Structures are given as structure tokens and as C-alpha cells.
Amino acid sequence: MLAGPARLGRTRLVAVDGPSGAGKSRFAARLADALAVLPGGRPPVVHTDDLLDGWDDQVTFWPRLDDWVLSPLRAGRPGAYRRYSWVRQRFLPRPVPVPVTSVLVLEGVSAARAVIGPELTLAVFVTAPAPLRLARAVARDGPEILPELRRWHAGERAHFTADDTASRADLLVDGAPALPHDADRYYVRIR
């Protein structure tokens with residue numbers, strides 16, 4: 001990834017995509033931690049969940065991301081976004097700064113969508129079996145989200161099919177590998 005060109009202004013944009021519960025957030029955090037040795041330190045991680053205006057904004061949030069983060073970085077300026085509070089069901093007033101850095105990690109469902117492909121340095125798709133993903137999401141957020149989560153999963157499937165995201169990814173990662181490995185340091189690459 002570091003050998004690849006910066007395609008979003010001076011920034012190498014890495015998108016970590018995949019369905020909910022697959023392990024995207026963990027992968028993105030570990031990638032950012034591994035890149036902390038770069039000049040400038042740990043790269044920022046922007047989570048698409050922070051830009052959603054609730055459950056019904058699953059893939060339609062993109063203009064906010066582009067206006068608040070991607071367009072400024074494209075122009076060599078820092079960006080900032082307002083984080084959505086899932087508890088308060090509104091965007092919080094304090095902006096989250098996104099500095100111009102050599103690497104930005106964008107994590108979440110549809111982060112590697114086709115429209116951003118030309119500006120990506122690396123597209124990662126993390127996957128795991130559907131029952132495990134469901135169990136992880138319920139363990140993380142509670143069983144009361146099941147009705148919304150089932151709708152969300154249907155929306156993910158429709159998006160990934162229409163966008164053909166996994167087949168365009170540079171790296172396909174198993175978020176639930178059965179192979180023995182050091183899970184704190186490594187992931188299993190499918191493709």
C-alpha cells in the first residue's frame with residue numbers, strides 16, 4: 001500500500017469494506033496501528049457509520065463524506081465531519097478533524113464503492129459467514145437491533161451485488177479464518 005500512489009490529493013486512501021460484523025473495524029484499527037510508524041504517526045480512520053443519518057442512510061450518506069472529508073483532501077486541505085450519535089439520533093455539533101496525511105483509512109459498508117475506485121490506493125473487502133456476522137453484531141449492539149439489522153443486511157447484499165465490490169477489491173480478507181494464526185497480528189488473505 002505504501003508503494004502505491006496517492007490518488008486523493010496527496011493522500012493514499014485505503015477503503016476497508018465488507019458486510020456488518022465481518023471484522024472491518026478491527027482490521028482498519030490494526031492497519032492504522034501498523035502504519036503508526038510513518039512520519040506523522042497513526043493515520044486517521046474515518047468510520048462510515050459515523051456519517052450515517054440513522055438506519056435508512058445505509059448507502060446514501062456518500063455526499064456528506066465527499067463534501068466534508070474527501071473533497072477537502074482532494075484539494076490538499078484538511079476535512080472535518082460531524083459524527084452521528086446513534087443514541088441521540090442526530091449529528092453532534094463538534095466537528096471531528098481529518099488532517100491531510102499520507103494515508104487515510106475509510107472503514108465501513110460501501111467504503112470501497114465503485115465511484116471512489118479511481119482515488120483508492122487500496123481496496124480491502126473483509127468477509128465472514130453470515131451467522132457469525134449476525135452473532136457479532138447482536139453481541140456488540142444488543143438483540144433489540146435485530147429488526148433493523150435484518151433490513152440492514154438485505155441492503156448490504158443489494159449494494160454489494162449491484163456494486164460488485166468484492167470482485168473489485170485488491171485484497172479479500174477472511175474475518176473468521178479457521179487456519180491457525182496469530183489473530184492479534186495477522187489476517188488470512190483469501191485473494
Side-chain angles (χ1 to χ4, degrees), residues 14-34 42-66 68-70 79-98 104-113 116 123-163 165-166 169 171-178 181 183-188 190:
V14 177
V16 179
D17 205 332
S20 67
K24 298 179 304 298
S25 295
R26 179 171 284 184
F27 182 90
R30 288 185 180 162
L31 176 62
D33 289 345
R42 188 179 192 271
V45 178
V46 173
H47 302 278
T48 62
D49 283 357
D50 289 344
L51 293 154
L52 304 180
D53 190 2
W55 287 100
D56 293 325
D57 196 24
Q58 185 173 20
V59 295
T60 53
F61 70 91
W62 198 265
R64 273 190 298 284
L65 173 65
D66 196 58
W68 295 350
V69 177
L70 302 177
Y81 62 94
R82 292 175 38 232
R83 182 176 287 134
Y84 183 78
S85 169
W86 289 83
V87 173
R88 296 182 181 143
Q89 297 184 344
R90 63 179 171 84
F91 287 97
L92 300 175
R94 184 183 305 168
V96 177
V98 181
L104 171 67
V105 179
L106 177 62
E107 177 276 326
V109 174
S110 83
R113 62 177 61 191
I116 196 65
V124 179
F125 194 87
V126 183
T127 188
L132 176 61
R133 292 188 296 100
L134 180 65
R136 286 175 176 173
V138 169
R140 178 186 64 216
D141 299 324
E144 61 278 359
I145 69 158
L146 270 171
E148 295 292 353
L149 188 59
R150 290 189 198 291
R151 267 190 337 118
W152 181 270
H153 285 176
E156 286 177 339
R157 284 189 302 274
H159 167 74
F160 292 138
T161 298
D163 191 70
T165 315
L171 182 62
L172 192 57
V173 173
D174 188 345
H181 70 290
D184 291 330
R185 298 182 58 202
Y186 301 105
Y187 277 81
V188 174
I190 297 171

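Since we're looking at a predicted model, the values are computed, not measured.
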side-chain contact (heavy atoms from CB on, under 4.5 Å) with Arg88: which residues, sequence neighbours excluded?
-> Ser85, Arg90, Leu92
Tell me, please, which residues at least two apart from Ala112 pass side-chain contact (heavy atoms from CB on, under 4.5 Å).
-> Ala15, Asp17, Leu120, Ala123, Thr165
Minimum heavy-atom distance between [X] and [Y], given as atom pair plus value:
| X | Y | value |
| --- | --- | --- |
| Ala80 | Pro95 | CB-CB, 4.1 Å |
| Val126 | Gly175 | CG1-CA, 3.9 Å |
| Leu149 | Ser20 | CD1-OG, 4.1 Å |

Kindly indicate, with the supporting measurements, whether the criterion side chain to side chain contact (heavy atoms under 4.5 Å, CB included) is fulfilled by Thr127 and Val173.
-> CA-CA 6 Å; Thr127 188; Val173 173; over 6 Å; no
Short side-chain to backbone donor-acceptor contact, Arg113 and Ser110, under 3.5 Å = yes
Just by modelled atom types, is the Pro19 backbone N or O under 3.5 Å from a matching donor or acceptor in the Lys24 side chain?
-> yes
Got a sec: does the CD of Glu144 have more than 12 other heavy atoms crowding it under 6.0 Å?
-> yes
Can you sort out the partners of Phe160 under ring-ring contact (aromatic ring centres under 6.0 Å, His included), two or more places apart, ordered by chain and number?
-> Phe125
Sequence neighbours excluded, which residues qualify as side chain to side chain donor-acceptor pair (under 3.5 Å) partners of Arg42?
-> Asp33
Please walk me through it: do Asp163 and Val59 pass side chain to side chain contact (heavy atoms under 4.5 Å, CB included)?
-> CA-CA 11 Å; Asp163 191 70; Val59 295; over 6 Å; no
What pairs of residues pass the ring pair (Phe, Tyr, Trp, His ring centres under 6.0 Å) test when at least one of them lies in residues 126-159, not counting sequence neighbours?
-> Trp55-Trp152
Walk me through it: do Val45 and Leu106 pass the test side chain to side chain contact (heavy atoms under 4.5 Å, CB included)?
-> CA-CA 6 Å; Val45 178; Leu106 177 62; over 6 Å; no
Point-to-point distance, once rounded to the nearest 0.5 Å, from CZ of Phe91 to CH2 of Trp68 = 5.0 Å
Does anything in residues 125-141 pair up under salt bridge (Lys or Arg N to Asp or Glu O under 4.0 Å), and if so which pairs, sequence neighbours excluded?
-> Arg133-Glu156
Go through Leu104 and Val69 one step at a time and tell me if the side chain to side chain contact (heavy atoms under 4.5 Å, CB included) criterion holds.
-> CA-CA 10 Å; Leu104 171 67; Val69 177; 4.1 Å; yes
Which atom pairs, one a donor and one an acceptor, fall under 3.5 Å between side chains of residues 46-53 and the rest of the protein, sequence neighbours left out?
residue	atom	partner	partner atom	Å
His47	ND1	Glu107	OE1	2.5
Asp50	OD2	Arg83	NE	3.2

